[in-house]
Amino acid sequence: MHQDRTTARGTRASRGRTQLGPALALIHGGRAPTRAALGARLGVTRATAGAVAAELQALRLIRVDTAPGGGTLGRPSHRLTIDPDGPVALAAQIHPDGFQVALVGLGGRVVAAAGHTLTLPDDPERALAPVARAGARLLRATDRTCVGAGLAVPSAVAEPEGAAVSPLYVGWPTGVRIRDIFAAQVTRAGINGPARAAPACSVANDINLAALAEHRHGAGRDARNLLVVATGHRGVGGALVLDGALYTGSSGLGMEAGHVSVDLRGRPCRCGSHGCLDVETDALSLLDAAGRVPRPGVSVLEQATALLRHEYAMDSAVRDGAGVVMERLGLGLAGLINVLNPDRILLGGLHRDLLAADPGRLRAAVAERSPWGRGSSVPVLGCALDNGSLIGAAELVWQPILDDPGLLDT
């Protein structure tokens, strides 16, 4: 009998350990705010849910609040929250006008951030050195454990090499192994992982990462097939989440939505084609359509955003120019809808501001070009996260921990 009880306890403990990853993923995504909700989601007993929560707390990943937390039956359930003093991922984003770095905890929470506006050198090693040093300063200032480093770049990234393919807007040579260079700079900056070893590093396209973040923590939650199209500091990017997973194609180069042509006689694009969304719906095209000349010393994206936010309602030239860009964007989105049939579209960057300036006008431009009215049935929303690419870069870093929280038990 005693042996049977010991075996039963061992079986429950083993089951609890196997539930650590799924449990952390649920709490990370905000889907298990209480111990009762965690048990229900996992399909385990109250005791097992309690043991799992206690182990995650011991790893300093979550906190278990013993105050009443909202159980619906029987005893009130304990609340489960992310440990605000727990480990963080170092996230960085490169763009043509500079870079940003942030420390991002579980739940997509930005703990600290810093941005730098500068002209990036064409040499990726020299470009990424100050990025890594800025991240190291944040880590020293906050005294946090770093679980790894993730980088968002304005380029497709080929796997498994981690190579930037045609990084058009930062001047790097095509095919450069940017993940290896980033990892070397992170190590050189003295950044260590949980075991005092060099942290794992990940690199991916900035819009792909924004889509991943929106799907987990933003306006894309619960969408099965999510399409994200966004303007960056230069150009336009797209990303697709299918059945909850980021679609990147056979080698990491899928969903280059910015190079969908909407006018074969339009502006020449750096990709070699003409009239791509990349050059017909970006910040520079909006300024041009509104009859404005870009001012030196201020990023084109900032100027175009300010135009929509502060002058759209009172300036007919701005409304007319924005209308031209909306028509082009609507044409491109309708084509993507016809091929992909998403259940939700999110617009980021300048496109989000276009939508906010005149939602009906942009949505009509999409709907009237999609056969059988399919376009009118697809919700078109703005991205909810201002730091989506940074949060997405952190998601790459957190994923191994979400799969196996025991990796931190060193």
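Values below: every heavy atom of this structure, side chains too, minus hydrogens, waters and symmetry copies. Nothing here was measured: the structure is a model prediction, and the numbers come from that model. All residue numbers in this chain count up from 1 along the given sequence.
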I need the Leu42 CG to Gln19 CD distance, nearest 0.5 Å. 4.5 Å
Approximate separation, where rounding is to 0.5 Å, of Leu355 CG and Leu346 CG: 10.0 Å
Where the side chain of Thr48 meets the backbone of Val44, is there a donor-acceptor pair that is under 3.5 Å apart? no
Look at the side chain of Arg352 and the backbone N and O of Cys383, then say whether any donor-acceptor pair between them is shorter than 3.5 Å. yes
To the nearest 0.5 Å, what is the distance between CD (Gln303) and CG (Leu284)? 9.5 Å
Compare all side-chain heavy atoms of Val131 with those of Val101 and state whether any distance is below 4.5 angstrom. yes
Could you please spell out the steps behind the side-chain contact (heavy atoms from CB on, under 4.5 Å) verdict for Val260 and Leu336? CA-CA 9 Å; Val260 170; Leu336 291 168; 4.2 Å; yes
Look at Glu214 together with Arg344 and state whether they make a salt bridge at an N to O cut-off of under 4.0 Å. no
Any donor-acceptor N or O pair under 3.5 Å, side chains Tyr169, Asp278: yes
If we ignore angles and hydrogens, is there a donor and acceptor under 3.5 Å between the side chains of His217 and Glu395? yes
Any donor and acceptor pair, going by atom type alone, linking the side chain of Arg46 with main-chain N or O of Ala36 inside 3.5 Å? no
Any ion pair linking Glu161 and Arg177 (charged N to carboxylate O, less than 4.0 Å)? no
Minimal heavy-atom distance between Leu209 and Ser389, with the atoms involved, is CB-O, 3.8 Å
Pairwise distance CD(Glu55) to CD1(Ile62) - rounded to 0.5 angstrom: 10.5 Å
Donor-acceptor under 3.5 Å (Arg63 side chain, Arg79 main chain): no
When you check the gap from the basic side-chain N to the acidic O, do Asp282 and Arg234 get nearer than 4.0 Å? no
Please report the C-alpha distance between Asp65 and Thr81 in whole Å, then the side-chain angles of each, then the deciding distance to 0.1 Å, and finally whether the side-chain contact (heavy atoms from CB on, under 4.5 Å) criterion is met. CA-CA 8 Å; Asp65 185 353; Thr81 58; 5.8 Å; no
Audit row: Thr281, Arg328, side-chain contact (heavy atoms from CB on, under 4.5 Å) steps and yes/no: CA-CA 7 Å; Thr281 67; Arg328 297 170 185 160; 3.8 Å; yes
I'd like to know if Glu311 pairs up with Arg292 as an ion pair, taking the criterion as any Lys NZ or Arg NE/NH1/NH2 lying under 4.0 Å from an Asp or Glu carboxylate oxygen. yes
Look at Arg267 together with Asp288 and state whether they make a salt bridge at an N to O cut-off of under 4.0 Å. yes
Pair Arg309 + Asp353, salt bridge at N-O below 4.0 Å: yes
Spacing of His78 atom NE2 and Thr66 atom OG1 [to the nearest 0.5 Å]: 5.5 Å
Would you call Glu327-Arg361 a salt bridge at under 4.0 Å N-O? no
Quick check on Asp143: does its CG atom have over 12 non-hydrogen neighbours (other residues, nucleotides or ligands) under 6.0 Å away? no
Could you go step by step and tell me if Leu333 and Arg369 meet the side-chain contact (heavy atoms from CB on, under 4.5 Å) rule? CA-CA 9 Å; Leu333 292 177; Arg369 290 178 171 87; over 6 Å; no
Are the side chains of Arg363 and Glu368 in contact, using a 4.5 Å heavy-atom criterion? no
About how many Å separate CG of Asn208 and OH of Tyr247, when rounded to the nearest 0.5 Å? 11.0 Å
